[in-house]
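Read the structure below first, then the notes.
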There are 2 protein chains.
Amino acid sequence: MHSCKEHVEKEEKIIQNIPDDDNILSLSELFKIFGDPTRIRIIYCIYKKKMCVCEIAESINMSHSSVSHQLKTLKQARLVKSQKEGKEVYYSLNDEHVEKIFSLGLEHIKEM
Amino acid sequence: MHSCKEHVEKEEKIIQNIPDDDNILSLSELFKIFGDPTRIRIIYCIYKKKMCVCEIAESINMSHSSVSHQLKTLKQARLVKSQKEGKEVYYSLNDEHVEKIFSLGLEHIKEM
DNA sequence: TTCATATATGAATATGTATTCATATATTCA
DNA sequence: TGAATATATGAATACATATTCATATATGAA
């Protein structure tokens with residue numbers, strides 16, 4: 001056969017198929033957001049209807065502070081949006097892809 | 001209106017829509033795997049054809065050791081499979097969902 | 001067998017991050 | 001105005017993890 005080094009030279013075009021650094025980083029950042037159980041739970045909470053921080057915290061049994069921090073993360077990633085109503089701030093999903101990405105993920109783990 | 005506490009009592013059914021802990025954890029573990037740029041690059045490498053550790057390392061310009069560690073992670077998550085050929089070990093994708101999850105992710109970041 | 005190459009892996013290090021704690025701001029109500 | 005409630009946030013802590021380094025194993029070639 002041939003050595004590994006020869007392989008790499010012959011297959012250099014593969015490198016061109018890899019998205020550029022910006023896309024790689026954006027993509028991994030996006031998935032990193034979904035890679036935390038608390039954030040998954042929060043997203044499920046507001047999946048069907050908007051909820052305020054207090055409701056979310058009670059529902060998933062986490063501290064208000066922790067939920068607030070994670071909501072900030074989710075908002076910076078533009079996956080949720082917020083809407084102030086009096087004392088309360090209501091959060092809801094901001095992206096139609098979230099549902100699809102979730103269902104694919106669930107499909108995957110159910111087949112494993 | 002009504003207080004936040006009243007809200008939570010009225011909406012208790014929302015909790016039932018949240019998948020159980022096992023599924024939440026499996027889902028976040030799955031996305032966590034995709035949440036690292038090195039692993040994303042590796043997956044792109046072996047997206048179309050199997051590659052050995054050495055080829056992957058050269059392609060993404062990472063140390064063999066680092067790539068090997070990450071391949072172990074990917075294999076434990078059952079996203080890649082390996083196949084020994086002589087001195088070399090070839091890795092390839094092990095899941096038809098990966099492609100779909102990636103395309104959705106790319107769709108998302110391109111619209112942001 | 002000896003050497004070179006390919007891969008794997010435990011340990012150490014460095015970095016990132018989730019949660020908690022204390023505190024600040026804002027709103028509503030008495 | 002003062003008290004209670006809802007949310008936000010900086011700092012500290014605790015924990016997870018990506019990479020490196022050193023080393024081990026395995027295969028093939030000389």
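Per chain, numbering begins at 1; letters A, B, ... match sequence-line order. The figures here come from the full heavy-atom set of this structure, side chains too, leaving out hydrogens, waters and symmetry mates.
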Check whether B/S28 reaches the backbone of B/L25 with its side chain - one donor and one acceptor, N or O, closer than 3.5 Å.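 Such a contact is found between B/S28 side chain and B/L25 backbone.
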Short side-chain to backbone donor-acceptor contact, A/S66 and A/M62, under 3.5 Å: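 Answer holds: no.
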Could you tell me whether [X] contacts a base, only the sugar-phosphate backbone, or nothing, with contacts defined as non-hydrogen atoms closer than 4.0 Å?
X     : result
B/K75 : nothing
A/T73 : nothing
B/S63 : sugar-phosphate

Check: C/dT9 base within 3.5 Å donor-acceptor of B/S65 side chain: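 Check passes, donor-acceptor contact within cut-off.
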For a stem of at least 3 consecutive Watson-Crick or G-U pairs with distances under 3.5 Å, i pairing with j, i+1 with j-1 and so on, which stems involve DNA chain D?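 C:1-30 with D:1-30 - these are the stems of 3 or more pairs that involve DNA chain D.
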Answer yes or no for this row: A/H69 ring on D/dT9 base, centroids under 5.5 Å, planes under 30°.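 The ring of A/H69 is stacked on D/dT9.
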Assuming nearest nucleotide by heavy-atom distance, tell me which of A/E85 and A/D36 is located more 5' along DNA chain C.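 Closer to the 5' end of DNA chain C: A/D36.
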Does the pair A/K81/A/D95 count as a salt bridge with the N-to-O cut at 4.0 Å?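 Looking at A/D95 together with A/K81, the answer is no, because their closest N to O distance does not fall below 4.0 Å.
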Is it true that B/K50 and B/E55 make a salt bridge, defined as a side-chain N closer than 4.0 Å to a carboxylate O?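 No salt bridge links B/K50 with B/E55.
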Within the pair B/Y91 and C/dA6, is there a side-chain N or O less than 4.0 Å away from OP1 or OP2?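 Indeed not, no polar side-chain atom of B/Y91 lies that close.
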Taking only the side-chain nitrogens and oxygens of B/T38, find out if one of them lies under 4.0 Å from OP1 or OP2 of D/dT19.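 Affirmative; the distance criterion is met.
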Parallel, tilted or perpendicular: ring planes of B/F34 versus B/F102, cut at 30 and 60 degrees: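 If you compare the ring of B/F34 with that of B/F102, the planes turn out perpendicular.
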